[in-house]
Amino acid sequence: MNLDTLLRSEIQKSVLALFGQQVENFQLQPTNQEFEGSHTLVCFPLTKISKKNPEETAKAIGEYLVANSGIVSRFNVVKGFLNLVLGDSVWLQMLEAIYTNPSFGQLPDNGEEIMIEYSSPNTNKPLHLGHLRNNFLGWSVAEIYKANGYKVHKVQIINDRGIHICKSMAAWTLYGDGETPQTSGMKGDHLVGKYYVEFDKAYKAQVKALIEKGASEAEAEKQAPIMKLASEMLRKWEQKDSEVLQLWSMMNGWVYKGFNATYEKMGVDFDKLYYESDTYLLGKEEVMKGLEKGVFFKKEDGSVWVDLTGDGLDQKVLLRADGTSVYMTQDIGTAILRFRDFPKIGGQVYTVGNEQEYHFKVLFLILGKLGYEWAKRCYHLSYGMVDLPTGKMKSREGTVVDADDLIDEMVKEAEQQTRELGKVEDLTPQEARQLFEMIGLGALKFFLLKVDPKKRMLFDPNESIQLQGFTGPFIQYTHARIRAILRKAESLGITVAKEDFKVIKSLEPAEREVLQVLQTFEGKIKEAAREYAPSIVANLVYELAKEYNQFYQNIPIFNEADAGKLKGRIALSKAVADAIKKGMQLLGIQVPERM
RNA sequence: GGUCCGAUAGCUCAACUGGAUAGAGCAACAGCCUUCUAAGCUGUAGGUUCGGGGUUCGAGUCCCUGUCGGAUCACCA
């Protein structure tokens, strides 16, 4: 039973009985704090049907609902707003329904499948703050879809080939002196990243030197020896030169090991990995097929293009004149391969930054032109960049925030603050360690997920490690407090069964307010999937925790003499703790038993 | 230059898709630990929702226009 749907149908009945017309779309919203009631019907649009002014319309519906619905106990009218007060028995029934439903927050299996891609790093440098937003977002959206009853495939595409990795390879060959993760003690991804930076340094110096000798800029950029070496390696790679391939797979191997360690720390996982080195050839094939079908065309120099001017876009290259593939070619291949691998998926979601909006618009158009009807069920989950207080992150300028460093700092900060508060006395060292990680990572994830994904956001390190207010740790703390209550109830032998709800006579306003938020939980989970927005879940969980804390602070649970009321409060607490746990799980955040 | 996105309290973000006197957190100030965890709670202060027009019972939200940010328009990925 869903309260909103029930109330809506009662309102529909009333309008039909009073004014003789069926209404479908009318606005039912939460009542403002300052007025009595929980639900408010906006009556202005109904005046056309009622032929009365808004106040009279509201009053008539209110009276009818009190007399006939059985769920509305009182009402008041302010201007055209009809504020409804539901009977306590309605709220209690709802609490009972939630409390006795072990899978509250998990909607039934709907038989649909969906694929969600996220992360998709290049293999030439370690993960950074931008990847964190990407991974947390994609992973969370996947969990939200699972909660909506979908079967979900979490995937990533690994950018393991191309000039970028050849740059690291070139620099390592020249300056590496055989350095490995083992000999250097560096994480593999960081080691490879180091040589990417080395490449850039050497390249810039060489270009500068050439220009000083009188070369033009364009010429110098092509002639720089280290760039020539990288290009040579790319060419050899495509020709499957065994020496280059060996170096390539060794260095990529280092990177994967490093990435995996980071993913593990992040609590992010994948069901299947795709590698561009496996998909770009399929992409080429598909482009050639498209060329035969006349979907694409060839220019004089041999390059292959698609003309999207009819769709308001430009012409776009799909194969270079030398026959090698570009980014778009690979993505075409990958998309097709995925639908072959998983024929039952209804669609695919790409979690990729908004600087690639144009790219995905083009990709989906091309797939449509190639005749794949699923093209229109591909969705680019486009999220905004993460800025720093100092401005944009620029890898070339060394202003990137490294993912490993950031996570370590967050955990360290969590540890420090937790120790200062003296919360670790009864914990074993392992338990304490787990708690610090839970809090540090929880703070970070919540900070990145609470903002609407579409929006560009500011990452202020000082604010992200805050543990008070609208933060992950605040919610984790609320959960821990409730668990303490439930442990106490257990030790006192207090249990709540289905029959107990009949004994509860009334509710305090603070309890109703908690229930009012709790009641919207599943609706928000649906909305979060529809909007691809974990922020909706984050906001809801925060509001729930806040509302519960008000209740907690004002009503000492175990002082209650009335056994029914006491049990009601235990049940409410349990329901809130479970919802918090479930909601946070959708964000990838664990909640502690004590903190 | 074309296209797209954004601008809300000092700062970071909300606002149920057109509804009531625009809400939270942080920062500031004032209170609350003898009862379940003060990482909490209560209160005060803080707003011309970038400017200007328009649409209607009603606009932060929709339309037009201007200003300021950002992204994109590569035989890069």
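In what follows, chains are A, B, ... by sequence order, proteins preceding strands, each numbered from 1. Predicted model only: the values in this text are computed from it and were never measured.
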Cation-pi, Tyr383(A) ring and Lys454(A) (6.0 angstrom, 45 degrees): no
Of all residues at least two apart in sequence or in a different chain, which pass the side chain to side chain donor-acceptor pair (under 3.5 Å) check with Tyr118(A)?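 Listed in chain order: nothing, the list is empty.
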By the 4.0 Å heavy-atom rule, please label Leu492(A) as base, sugar-phosphate, or nothing. nothing
Can you tell me which residue pairs pass the salt bridge (charged side-chain N to carboxylate O under 4.0 Å, His left out) test with a partner in residues 32-50 of chain A, sequence neighbours excluded?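 Matches after skipping sequence neighbours: Glu36(A)-Arg74(A).
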Salt-bridge contact Glu522(A)-Lys526(A) (side-chain N to carboxylate O under 4.0 Å): no
Arg483(A)/Glu593(A) ion pair, N-O < 4.0 Å: yes
With centres under 5.5 Å and planes under 30° as the test, does Tyr552(A) stack with rG40(B)?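 Ring-base stacking flag not set for Tyr552(A) and rG40(B).
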Any stacking of Phe474(A) on rG40(B), going by centres under 5.5 angstrom and planes within less than 30 degrees? no
Considering only nitrogen or oxygen atoms on both sides, find all protein atoms under 3.5 Å from nucleotides 54-62 of chain B and state each distance.
none

Side-chain N or O of Arg320(A) closer than 4.0 Å to phosphate OP1/OP2 of rC76(B):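 Answer is yes, contact under 4.0 Å.
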Base-paired stems in RNA chain B, each at least three Watson-Crick or G-U pairs under 3.5 Å: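 The stems are B:1-7 with B:67-73, B:10-13 with B:23-26, B:28-32 with B:40-44, B:50-54 with B:62-66.
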Once each nucleotide of nucleotides 22-31 of chain B is scored for protein heavy atoms under 4.0 Å, what B/S/- sequence comes out, 5' to 3'? --SS------
Where do Thr471(A) and Phe447(A) land on the side chain to side chain contact (heavy atoms under 4.5 Å, CB included) test, with the steps shown first? CA-CA 7 Å; Thr471(A) 66; Phe447(A) 189 85; over 6 Å; no
Using the rule given for side chain to side chain contact (heavy atoms under 4.5 Å, CB included), can you reason through Leu448(A) versus Phe459(A), listing the C-alpha separation, both sets of side-chain angles and the distance that settles it, and then say yes or no? CA-CA 8 Å; Leu448(A) 290 171; Phe459(A) 184 85; 4.1 Å; yes
Can you list the residues that meet the salt bridge (charged side-chain N to carboxylate O under 4.0 Å, His left out) rule with Arg133(A), with sequence neighbours excluded?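 Counting only residues at least two positions away or on another chain, Arg133(A) forms no salt bridge (charged side-chain N to carboxylate O under 4.0 Å, His left out).
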